[in-house]
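The figures that follow rest on heavy atoms only: side chains count, while hydrogens, waters and symmetry mates do not. Residue numbers begin at 1 in each chain, while the letters A, B, ... track the order of the sequences.
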Number of protein chains: 2
Amino acid sequence: MPKVETFNRDLVIEQVTNVFHDKGFNATSMQDIVDATGLNRSSIYNSFENKHNLFLECLKTYKSRSNNHLSDKLSTASNSLDAIALIFDVYIEEIIKNVHDKGCLIVNCASEMANHDVSITDFLFKNQSDMLTFLENLVSKGQKEQLINTNKSSKEYALYLYSSIQGFRMTGILISDKPELESIKNTIIQTLI
Amino acid sequence: MPKVETFNRDLVIEQVTNVFHDKGFNATSMQDIVDATGLNRSSIYNSFENKHNLFLECLKTYKSRSNNHLSDKLSTASNSLDAIALIFDVYIEEIIKNVHDKGCLIVNCASEMANHDVSITDFLFKNQSDMLTFLENLVSKGQKEQLINTNKSSKEYALYLYSSIQGFRMTGILISDKPELESIKNTIIQTLI
DNA sequence: TTAATTTTGGAACGTTCATTTCAAATAAAA
DNA sequence: TTTTATTTGAAATGAACGTTCCAAAATTAA
């Protein structure tokens with residue numbers, strides 16, 4: 001019966017995500033989004049309710065897309081320690097790919113919006129929890145494989161890595177020199193050995 | 001001859017900085033600034049030209065105020081390694097002081113505005129350079145005192161610490177649990193020993 | 001006390017903001 | 001082909017934005 005949605009929703013989300021990633025939530029206007037997608041205002045509001053919801057959907061898609069990309073790369077790792085190093089390699093690749101790196105959308109979002117918007121804060125805490133669990137499992141396996149030292153618990157090292165990754169993503173915004181990024185990565189990894 | 005500026009410029013900058021720190025540049029309106037300072041719009045524009053300049057002045061004041069505060073604390077350090085640990089203690093104190101920590105104004109600014117505004121980007125690169133020099137000297141002294149290992153150069157460790165500090169400040173936005181923050185700090189410091 | 005100079009208060013500027021409205025175009029099902 | 005549901009286009013909404021304007025108040029030097 002109805003006329004069906006003609007645009008590619010995934011593509012639109014990707015286009016909008018690029019704008020949000022580049023300018024942040026507050027500096028992005030609906031006009032920017034209209035321009036980036038080629039869609040009409042009405043279509044956007046019809047399909048995504050409002051700017052806030054659209055941003056939340058971009059965040060969620062970004063998270064799962066990043067996680068999938070990470071999983072793909074990590075599946076090639078020979079062991080857990082190698083996997084942790086590969087996480088940083090993925091980010092290094094991302095940072096030097098762009099002339100001006102935009103950092104991590106989620107880290108930027110935390111910096112811009114945490115504690116101001118409950119649905120965003122909920123997302124951020126959930127993301128943090130997922131990240132910590134993921135890293136803890138990785139460290140735990142590495143410790144069982146005796147590739148990672150047991151000076152600290154897997155929980156503590158996960159927290160350390162979580163914090164280090166955020167710093168790494170922030171640093172990449174201004175520093176895009178590969179040797180420097182590799183050096184930071186190696187120093188972080190060294191701690192675990 | 002003239003009527004002289006009646007308000008306390010330092011106080012106004014502090015009040016405005018608090019708003020910018022809380023909401024970020026783009027989400028802060030001139031009305032917010034009027035409300036926070038109690039000044040009239042005209043007075044603000046008379047004294048600070050525009051929002052952008054006002055923000056830049058807040059950034060600079062924030063930087064020097066933070067550096068002064070850090071210097072004060074670090075002067076009580078018994079050695080260079082202790083001084084590095086004290087940096088993190090200053091941040092931990094800052095993080096748990098506020099119910100909802102806002103992170104570092106400069107880190108947040110990098111996340112929101114880097115590569116979009118040349119005067120901001122200039123400030124950020126200058127700040128980064130200052131930070132790295134400061135940390136490199138600290139590490140270098142620590143290595144001479146044989147308190148910090150020489151597995152990596154002082155430059156490399158400075159870069160590592162710089163990245164770690166940014167991550168630490170980001171992490172503190174969502175995590176305000178002192179033991180967790182202490183754990184991250186200790187893991188970072190451990191790398192140097 | 002007067003003159004000179006600046007800060008104020010408050011309104012107004014034109015623009016841009018996110019969002020809404022609604023008729024016209026569209027397309028699948030009947 | 002007609003019906004039905006939905007997407008579109010384009011304009012309009014009112015509120016908020018950063019900034020400007022100007023007369024009135026204020027203050028100090030002469």
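If you take CG of Asn26(A) and C1' of dT16(C), they are 15 Å apart, rounded to a whole angstrom. Between the OH atom of Tyr45(A) and the P atom of dT13(D) there is a distance of 17 Å, given to the nearest Å. Between the CD1 atom of Ile33(A) and the C1' atom of dC17(C) there is a distance of 12 Å, given to the nearest Å. Atom CD in Gln31(B) sits about 15 Å away from atom P in dA15(D), given to the nearest Å. Atom pair Asp32(A):CG and dT16(C):C1' shows a separation of 11 Å (rounding to whole Å applied). As a whole-Å value, the separation of Ile44(B) CD1 from dT6(C) C1' is 17 Å. The distance from atom CG of Asn40(A) to atom C1' of dT19(C) is 13 Å, rounded to the nearest whole Å. The separation between Met30(A) atom CE and dT19(C) atom C1' is 8 Å, rounded to whole Å.
Asn186(A) places a side-chain N or O within donor-acceptor distance of the main-chain N or O of Glu182(A), the cut-off being under 3.5 Å. Remark: the backbone N or O of Ser78(A) is paired with a side-chain donor or acceptor of Asp82(A) at under 3.5 angstrom.
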>> Let's go through Asn151(B) and Tyr157(B) carefully: what are the C-alpha distance in whole Å and the side-chain angles of both, what is the deciding distance for side-chain contact (heavy atoms from CB on, under 4.5 Å) to 0.1 Å, and is it a yes or a no?
In response: CA-CA 9 Å; Asn151(B) 300 344; Tyr157(B) 276 145; 3.8 Å; yes

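Put simply, CZ on Arg41(A) and CG on Asn46(A) are 13.5 Å apart, with the number rounded to the nearest 0.5 Å.
Counting non-hydrogen atoms under 4.0 angstrom, Ser42(A) reaches a base of the nucleic acid.
Of the residues in residues 48-62 of chain A, those with a non-hydrogen atom less than 4.0 angstrom from any atom of DNA chain C are Asn50(A), Lys51(A).
No side-chain donor-acceptor contact under 3.5 Å links Asn108(B) and Glu112(A).
Look at Ser43(B) and you'll find a side-chain N or O under 4.0 angstrom from OP1 or OP2 of dT8(C).
Side-chain rings of Phe168(B) and Tyr91(B) stay apart, their centers remaining 6.0 Å or farther from each other.
Cation-pi contact between Lys51(A) and Phe25(A): present, with separation from the ring centre below 6.0 Å and deviation from the ring axis of at most 45°.
For Asn46(B), counting side-chain heavy atoms from C-beta on, the closest listed nucleotide (dC17(C), dT7(C), dA10(D)) is dT7(C). The listed nucleotides are dC17(D), dT19(D), dG9(C); the one nearest the side chain of Ser29(B) is dC17(D). Each of dC21(D), dT19(D), dG9(D) was ranked by its minimum atom distance to the side chain of Arg41(B); first place goes to dT19(D).
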